2 protein chains.
Amino acid sequence: MVSHRKIATLRDVAEATNLSVATVSRHINGSIKLPRDTMERIDSAIQRLNYRPNPHARSLSLGRTESIGVVIPDIANPFFARLAAAVERAAAAYGLGVMLCATLNQKERELDYLQRLARNHVDGLIFVTNRVDDGEVARAINAAKAVVVMDEDVDGTTASKIFADNERGGALAARHLIAAGHRRMAYLGGAASLMSTRERLRGFQSAIDEAGLDPALTAGFFGSYTIAHGLEAARAMLDAPEPPTAVFAASDEIALGVLTVCRDRGIRIGRDLSLVAFDDVGPLDLFDPPLTAIRQDVDSMGWQSVVRMLDAIKGEDHQAAPQRVPVELIVRASVGPPVR
Amino acid sequence: MVSHRKIATLRDVAEATNLSVATVSRHINGSIKLPRDTMERIDSAIQRLNYRPNPHARSLSLGRTESIGVVIPDIANPFFARLAAAVERAAAAYGLGVMLCATLNQKERELDYLQRLARNHVDGLIFVTNRVDDGEVARAINAAKAVVVMDEDVDGTTASKIFADNERGGALAARHLIAAGHRRMAYLGGAASLMSTRERLRGFQSAIDEAGLDPALTAGFFGSYTIAHGLEAARAMLDAPEPPTAVFAASDEIALGVLTVCRDRGIRIGRDLSLVAFDDVGPLDLFDPPLTAIRQDVDSMGWQSVVRMLDAIKGEDHQAAPQRVPVELIVRASVGPPVR
DNA sequence: ATGATCATGTAAAGCGCTTTACCAATCGCT
DNA sequence: AGCGATTGGTAAAGCGCTTTACATGATCAT
């Protein structure tokens, strides 16, 4: 006797209770007050039939989906993974599902998700990119429903925005290095046109100015937030006629590249060369040596992005200014006095 | 002049082309052959109106959603993050969306997702857990539609299964350690009742047997796949009357715990104590020293889980036996000859 | 000329739910 | 007794799409 029972629908429970679907629906959604025994009849039927509303029917009828999309370059990257995890946690706390979309940094995929999701698939989109946009993605974002842009800006968008306090992070790093005695430094950034790379540099330079030092002594190397770029930039930097005594890597990944090159060349981080990283999501304390870094408060960013998302969905005016999430200097063992 | 234009529906393009919605729908879905100019009329109208089908209406009508769910303990964990990324990539390649669900290892959330998603929210579920189940989750899995269980078994389920070749991984680790001369070893596992922990141990022991060594010399420490457990187990192990000369950690995280304790105590990994990790997803090559590890082929697991998912959705008989994905020994610098 | 066949469509039901617009019966008041 | 308000419901439209069943005209072999 195969029990191939179908999934119960609202209608089934209506029939089981001798009520109309409307009554049952409104009771479920709390938009009607019924006599006690009617309520109990309904509840027990729901229980018995193991009824659950069909989310698609619900979405179709309601026009909303009770879920949001998270568009992210790459989940395998620890920074984005933690960001996604933070968003997920916050979303779950607010009863929202999360649709995950990895773009692999491809414009096509960004646009595709923006379309598919913003259409009607989800109520809103938390968008984080790693690419510099030519305007097309910006247009798509502005055309979409509720969007909050996180971590990296997309020029020309009117969405709510959440960013780390990059500038302050850069300043913190520079001050720490300067305090240790460094004068000739290097900045290894991501793409030169990315907001985060620019801001971290600006902060770094402002601290140099502030200290009355010669900004010309600090070299900049730009590329991308990857280990590969870290390797390349580290080599270029070390092969320069007058190599720096300290380096500020604008991401964990870049710092890992530096670490690798130094290991290969027998350069001891923290002694021969000082290093400050940015992000602090990997287990930087377990590296050799433990890496001093500017820590982003990823959890807070994720949470706040969801909060602003809910505001955006409710149609509330988002604040014009991007929200800045504080960063923090975590001192470990990769910074020492300069050697020459 | 505010352009508050509504989203175009199928009906809109039908009206724009003077055709019926049915005709347009069937043309879009390729289930009708139309004269060239009719086709062009439709296509251009779609273009012009920027029409996209409403996914919920589509799902409701079709009974499927073109998306799958991934249930995972914690996305912030690099191993699961990479697994999720691999699944995402494969799913995207097959035109499937991915709904991400983090359970934080809570039974309630596992059950909740199993319900919500398996109901009708997604076409199938890729389920990975970290918990030992009391039977309830197993029942829910069996009741759900297409499910593939990955990485860790759930006892009593009839789903398709994809696991790493844990036993072989354990054997590989043991042989490597034995070849280096170790006799007194420790196994630091996760929960003792977890399949993966048991299998890795079994493989480890079988290699010991095979080598004709005394299995009593290998101590086992069980707990969870976390840094915290790694710390604790490492301390217990080192404080034993006769500490081992080598340790096999059943996860990267556990190995990180060992690393930390050893750093604190001035024990040099690779010289005073040998260490082999399992997973190899973190940048283990950048640790101090670079860690020898058994590598899981996460990408392959993710991809294959999607392939089997598609089979399951199509209702094809899944193979009875779990699929085993090969593992590989990656030799770095954390294993040396024993000291006493 | 006649039916058969094909090409090009149309109308309408149904997917499961929410919600608006109603309605009948009861109750409390004057 | 008569009135309005309240209680406890119902019927039906509509969300956007797919699909089945049917219709119309042209083409073709006989």
Side-chain angles (χ1 to χ4, degrees), chain A residues 5-43 45-46 49-67 115-123 145, chain B residues 5-43 45-46 49-67 115-123 145:
Chain A
R5 83 198 123 146
K6 254 189 56 80
I7 283 179
T9 86
L10 190 57
R11 185 195 180 118
D12 293 331
V13 356
E15 281 170 4
T17 52
N18 277 323
L19 295 169
S20 73
V21 291
T23 302
V24 178
S25 170
R26 287 189 301 178
H27 171 244
I28 289 174
N29 296 311
S31 63
I32 197 181
K33 199 174 162 308
L34 293 176
R36 188 171 210 86
D37 67 321
T38 309
M39 282 173 51
E40 278 163 5
R41 247 186 329 161
I42 296 181
D43 291 339
I46 287 178
L49 298 174
N50 188 22
Y51 167 76
R52 294 288 184 114
N54 178 318
H56 299 293
R58 206 151 188 284
S59 299
L60 183 56
S61 183
L62 245 31
R64 58 189 153 81
T65 67
E66 237 86 280
S67 68
Q115 277 274 349
R116 281 179 46 166
L117 300 184
R119 237 351 127 144
N120 229 334
H121 218 142
V122 293
D123 296 344
K145 24 192 20 165
Chain B
R5 82 197 124 147
K6 255 190 55 82
I7 282 179
T9 85
L10 190 57
R11 185 195 180 121
D12 293 332
V13 357
E15 281 169 5
T17 52
N18 278 324
L19 295 169
S20 73
V21 292
T23 302
V24 179
S25 170
R26 288 188 301 178
H27 170 244
I28 288 174
N29 296 311
S31 62
I32 197 181
K33 198 173 163 308
L34 294 177
R36 188 172 211 84
D37 68 322
T38 309
M39 283 172 52
E40 278 164 5
R41 247 186 330 158
I42 297 182
D43 291 339
I46 288 178
L49 297 173
N50 188 22
Y51 167 76
R52 295 289 185 112
N54 177 318
H56 299 293
R58 203 149 190 285
S59 298
L60 183 55
S61 184
L62 245 30
R64 58 189 152 81
T65 66
E66 237 86 279
S67 69
Q115 275 274 349
R116 280 180 47 164
L117 299 184
R119 226 9 119 139
N120 229 335
H121 219 142
V122 293
D123 296 343
K145 26 193 18 167

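Numbered from 1 within each chain, the chains take letters A, B, ... in sequence-line order. Please read these numbers as outputs of a predicted model, since none were measured by experiment.
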Indicate the atoms forming the closest heavy-atom contact of [X] with [Y], along with that distance.
X     : Y     : result
A:Y51 : A:V13 : CG-CG1, 3.8 Å
B:L10 : B:V21 : CD2-O, 4.0 Å
A:S20 : A:A14 : C-CB, 3.8 Å

* To do: Only pairs at least two apart or in different chains count here, so list each salt bridge (charged side-chain N to carboxylate O under 4.0 Å, His left out) that has a residue in residues 13-32 of chain A.
  =>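 The answer is A:R11-A:E15.
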Which part of the nucleic acid, if any, lies within contact of [X], taking any heavy atom under 4.0 Å across all strands shown: a base, the sugar-phosphate backbone alone, or nothing?
X     : result
B:T38 : sugar-phosphate
A:L62 : sugar-phosphate
A:S31 : nothing
A:T9  : sugar-phosphate

* Distance, nearest 0.5 Å, that separates NE2 of B:H121 from OG of B:S59 ->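 Rounded to the nearest 0.5 Å, the NE2-OG separation comes out at 8.5 Å.
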* Rounded to the nearest 0.5 Å, how far does CG of A:N50 lie from CD of B:Q115? ->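 That separation rounds to 5.5 Å.
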* Asked: First and last nucleotide of DNA chain D touching chain A, 5' to 3', heavy-atom cut-off 4.0 Å?
  ->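 Answer, 5' to 3': D:dG8 to D:dG16.
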* Asked: Between B:L60 and B:D37, which has a closest nucleotide on DNA chain C that is more 5'?
  ->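 First, find each residue's nearest nucleotide; the 5'-ward one identifies B:D37.
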* Asked: Backbone N or O of A:A57 within a donor-acceptor pair of the A:S61 side chain at under 3.5 Å?
  ->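 Side chain of A:S61 to backbone of A:A57, a donor-acceptor pair under 3.5 Å: no, none is there.
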* In whole Å, what is the span from the CZ atom of B:R41 to the P atom of C:dT8? ->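 It works out to 12 Å between those atoms.
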* Asked: Can you tell me how far P of C:dA7 sits from CE of B:M39, to the nearest Å?
  ->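 Checked: the CE to P distance equals 15 Å.
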* Five-pair end axes of the helix from C:dA1-D:dT30 to C:dT30-D:dA1 and the angle they enclose, rounded to 10° ->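 Between the first-five-pair axis and the last-five-pair axis there is 50°.
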* Asked: Does B:T65 have any side chain to side chain donor-acceptor pair (under 3.5 Å) partners at least two apart in sequence or in another chain, and if so, which?
  ->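 Once residues adjacent in sequence are excluded, the partners of B:T65 under the side chain to side chain donor-acceptor pair (under 3.5 Å) criterion are B:S67, B:D123.
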Give the table of side-chain donor-acceptor pairs shorter than 3.5 Å for residues 27-41 of chain B, with sequence neighbours excluded, one pair per line with atom names and distance.
residue: B:N29; atom: OD1; partner: B:R58; partner atom: NH2; Å: 3.2
residue: B:N29; atom: ND2; partner: B:S25; partner atom: O; Å: 3.1
residue: B:R41; atom: NH1; partner: B:T17; partner atom: O; Å: 2.7

Find every protein N or O atom lying less than 3.5 Å from an N or O atom of nucleotides 21-24 of chain C, and list the pairs.
none

